[in-house]
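Side chains included, hydrogens not; waters and symmetry mates left out as well; all remaining heavy atoms used. Note that this is a predicted model, so its numbers are computed, not measured. Chain letters run A, B, ... following the sequence lines, proteins first and then strands; every chain starts at 1.
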Amino acid sequence: MIEELLQRAIKKALFTLYNIDTEEKEIVLSSTKKEFEGDFTLVVFPYLKQAKKKPEDLAKEIGEEVVKEIPYIASYNVIKGFLNFSLDKNFWIEFLNKNKSNETFGYHAICSDKPIVIEYSSPNTNKPLHLGHIRNNLLGWSVAEILKANGYAVKKVNLVNDRGVHICKSMIAWQMFANGETPQTNNEKGDHLVGKYYVLFDKEYKKEVKELVDKGVDEKIAEQEVPIMKQAQQMLVKWENKDKDVRDLWQTMNGWVYEGFDKTYNRLGVDFDKVYYESNTYLLGKNLVNEGLEKGVFFKKEDGSVWIDLTEEGLDEKLLLRKDGTSVYMTQDLGTACLRHNDFGSDNLIYVVGNEQNYHFQVLKKVLEKLGFDWAKNIYHLSYGMVELPNGKMKSREGTVVDADDLMQEMYEQAKTQTLEHGKNDFPEQEADKLYNTLSLGALKYFILKVDPTKNMLFNPAESIDFNGNTGPFIQYTYARISSIVRKAMQEKNIDAKTIKISEKITLNDKEMDIIKTIYSFADVIKEAGRNYSPATIANYAFLLAKQFNAFYQDNSILKETNEDVMIERICLTYFSGQVIKKAMHLLGIDVPNRM
RNA sequence: GGUCUAAUAGCUCAGCUGGAUAGAGCGACUGCCUUCUAAGCAGUAGGUCGAAGGUUCGAAUCCUUCUUAGAUCACCA
């Protein structure tokens with residue numbers, strides 16, 4: 001990397017000229033702003049005091065030394081305290097020739113054999129997936145890919161919440177109202193069918209509560225005493241006692257849901273290396289609690305419930321076992337963390353879970369640390385913001401959710417409409433279908449992933465997701481143009497961009513240099529995206545590169561360029577841009593079409 | 001009430017560990033298709049970076065206070 005050479009040379013210059021001793025890593029180089037001439041910039045202000053020089057003089061003297069030291073540095077210029085280095089054109093040409101057909105360009109070498117385990121999705125089996133889940137799934141999948149590109153082994157896991165009183169609610173409502181209907185009899189997706197009964201339960205529940213309240217019962221009491229709620233709670237007890245009928249129904253209805261989820265996951269393009277079910281894991285963690293009691297990390301209250309005191313850490317007391325000895329969410333999560341650590345030999349666990357659970361994960365981490373697991377300090381809660389609608393949060397029970405399947409279907413229709421509106425109606429049926437899928441998912445995924453995961457984001461159903469501007473289809477369109485050119489170069493000129501070499505006789509214009517420098521930074525961008533667990537970094541990068549390519553494309557001939565050396569260089573640059581766009585989009589889980 | 005997070009153009013969002021004149025897209029207004037895909041390109045208008053202090057050669061970025069919004073503080077998950 002040229003930056004490292006520069007850092008080394010600057011360090012040396014600082015030392016020999018002014019006896020300033022710095023670490024190479026602490027010398028900050030940035031890419032030169034567009035308005036100024038140069039490729040890399042050093043800000044010299046931090047060294048003024050020690051060097052006892054004026055900014056201009058200091059910059060000049062360092063520049064002089066560095067140019068002598070590194071042959072690739074063609075020149076430098078100084079503006080105030082900014083020292084701008086320009087690289088020799090041949091450096092860039094060499095870079096292109098060396099890397100344009102490198103399959104792993106931008107990716108980092110394998111750095112660890114111990115896998116990172118990333119949990120994402122984690123749905124409940126009582127309702128279908130909605131837009132919030134989409135954000136979760138896309139983030140999880142993409143971050144996994146980004147970490148792989150950073151050289152880590154990654155295991156993707158899903159922890160399905162398939163038990164509990166909320167699951168019993170759908171079951172009770174189904175028993176009461178369904179007349180035996182199934183996904184088959186109804187021709188309805190299983191998760192939607194089950195979700196329907198979850199909503200029905202809530203409706204009936206509210207009705208019954210109101211009846212009691214009207215009779216003069218206190219609302220709080222009514223909420224607990226209502227028959228339908230009692231039934232759900234009784235069903236849960238039966239479930240825990242392994243009552244055969246309840247278990248059968250549970251298995252049947254969950255089966256419907258899984259069939260539905262599989263379709264949604266499939267269409268969304270996400271997958272898992274391992275799926276955990278809470279029905280198998282909810283009893284884990286109890287042993288840990290007992291160990292903790294013995295070690296004196298936890299304490300027992302008079303009623304028999306077990307707690308941990310985290311007030312010294314700025315947190316509260318937290319319950320770990322109920323007085324009846326049953327476990328809570330936290331207990332189970334302690335258990336599953338250890339399970340994962342053991343299953344995969346992993347010291348790095350990542351949880352993709354909404355920011356509403358920040359507190360939970362703070363506590364989880366602290367508790368595991370107190371239990372003496374040194375890997376606990378590496379637990380990372382990838383805490384993402386909520387997807388909000390113009391009138392606030394999505395609420396499943398109030399029917400204000402944006403359903404995942406519906407949304408994907410709407411996007412598909414829109415992709416179709418847009419394509420036909422552009423007069424592109426000559427695709428064979430199968431190819432058209434594939435294209436609409438590619439474009440609709442590209443639009444959806446890019447829309448979600450381009451925003452910083454940690455921030456809340458807004459989705460306005462009325463405006464739907466755009467296909468122009470800073471969007472997935474914009475980048476896909478750029479790729480399609482590129483493919484077209486690369487194809488024609490091969491067919492009409494018999495030039496294979498992959499293998500042909502660029503001559504050093506040519507010069508490079510500003511638009512070309514913009515693209516080259518952006519491509520050059522790809523590895524850094526991947527590193528930064530990995531460091532921040534941020535697909536948004538990749539999305540912004542892909543957009544920048546696509547925009548720069550389009551600007552170049554607009555006022556430079558490629559295949560019609562008369563100077564053959566320049567034509568070859570442009571074909572190669574076009575090809576390379578396409579490769580990098582494709583890779584970046586892949587990290588987001590977005591396909592790119594060869595034609596559109 | 002305690003804790004945490006956010007606030008940047010009319011709207012949706014970028015802005016890396018402090019660095020040169022704060023950027024995109026959408027929307028509005030202008031231009032550009034007999035030339036490699038116009039889902040594109042070029043341009044105009046639009047900003048007290050929530051407010052006030054502070055640190056610094058230098059602050060949207062760091063610190064303090066305040067305002068506003070959201071999350072959380074369950075023997076729910």
Side-chain angles (χ1 to χ4, degrees), chain A residues 26 28 30 32-33 35-36 41 43 45-46 48-49 55 79-82 84 122 124 161 163-166 278 282 301 303-307 314-316 318-324 326-330 332-333 354-360 362 383 385-386 388 392-393 415 418-419 421-422 424 439 443 447 450-452 454-460 463 466-471 473-478 480-489 492 524-525 527-528 531-532 534 536-537 539-540 543-544 546-547 550-561 570-571 574 595-596:
Chain A
E26 281 168 25
V28 189
S30 47
T32 306
K33 294 246 172 198
E35 308 88 80
F36 304 96
T41 296
V43 182
F45 288 112
L48 285 186
K49 267 186 197 158
I79 299 167
K80 291 190 277 184
F82 297 88
N84 304 316
S122 315
N124 294 336
N161 183 278
R163 62 160 286 280
V165 74
H166 52 296
E278 285 199 11
Y282 80 107
K301 287 198 177 174
D303 64 4
S305 55
V306 179
W307 298 73
L315 304 171
D316 300 315
K318 185 76 190 175
L319 176 87
L320 297 171
L321 275 185
R322 296 192 184 99
K323 64 184 171 202
D324 62 6
T326 56
S327 51
V328 289
Y329 182 41
M330 184 61 72
Q332 173 189 214
D333 260 10
N355 61 14
E356 54 203 354
Q357 294 195 34
N358 284 352
Y359 182 72
H360 173 79
Q362 251 181 305
S383 158
M386 298 291 103
E388 287 166 350
K393 232 181 130 174
Q418 294 267 338
T419 303
E421 267 177 20
H422 283 97
K424 297 174 181 176
L439 295 181
F447 177 82
K450 79 170 174 186
V451 343
D452 182 339
T454 63
K455 291 188 175 169
N456 288 357
M457 64 177 293
L458 185 92
F459 175 77
N460 189 341
E463 287 173 7
D466 222 321
F467 280 63
N468 302 312
N470 186 358
T471 66
F474 168 89
I475 299 167
Q476 291 171 318
Y477 176 69
T478 309
R481 278 176 147 180
I482 287 172
S483 297
S484 168
I485 291 165
V486 172
R487 233 175 5 242
K488 282 183 179 161
E492 296 168 14
D524 277 345
V525 170
K527 199 183 273 178
E528 198 196 321
R531 208 178 54 231
N532 300 327
S534 174
T537 305
N540 287 328
F543 177 61
L544 174 70
K547 218 169 33 153
N550 281 326
F552 158 73
Y553 174 92
Q554 192 68 23
D555 47 35
N556 291 281
S557 296
I558 300 169
L559 297 174
K560 297 206 163 88
E561 168 59 44
R570 288 186 178 160
I571 291 170
T574 299
R595 294 174 212 270
M596 69 182 269

Going by the rule side chain to side chain donor-acceptor pair (under 3.5 Å), which residues pair with A/Asp466 if we only count those two or more places apart in sequence or in a different chain?
none
Please identify each residue that fulfils side chain to side chain donor-acceptor pair (under 3.5 Å) with A/Glu528, with sequence neighbours left out.
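If we apply the side chain to side chain donor-acceptor pair (under 3.5 Å) test to A/Glu528, skipping adjacent residues, there are no hits.
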Look at all strands and tell whether [X] reaches a base, only sugar-phosphate, or nothing, counting heavy atoms closer than 4.0 Å.
| X | answer |
| --- | --- |
| A/Ala480 | base |
| A/Tyr359 | sugar-phosphate |
| A/Val43 | base |
| A/Thr326 | nothing |
| A/Lys33 | base |

Who are the salt bridge (charged side-chain N to carboxylate O under 4.0 Å, His left out) partners of [X], not counting sequence neighbours?
| X | answer |
| --- | --- |
| A/Asp555 | A/Lys511 |
| A/Lys301 | A/Glu317 |
| A/Glu421 | none |

Restricting to ring-ring contact (aromatic ring centres under 6.0 Å, His included), what partner residues turn up for A/Tyr359, sequence neighbours left out?
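Partners of A/Tyr359 under the ring-ring contact (aromatic ring centres under 6.0 Å, His included) test: none.
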Not counting sequence neighbours, which residues clear ring-ring contact (aromatic ring centres under 6.0 Å, His included) with A/Phe467? List them please.
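With sequence neighbours excluded, A/Phe467 shows a ring-ring contact (aromatic ring centres under 6.0 Å, His included) to no residue whatsoever.
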Encoded 5' to 3' (Watson-Crick or G-U under 3.5 Å; [ ] crossing; | other strand), RNA chain B becomes (((((((..((((.....[...)))).(((((.......))))).....(((((..]....))))))))))))....
Name the first nucleotide and the last nucleotide along RNA chain B (5' to 3') that come under 4.0 Å of a heavy atom in chain A.
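The contact span of chain A on RNA chain B goes from B/A7 to B/A77.
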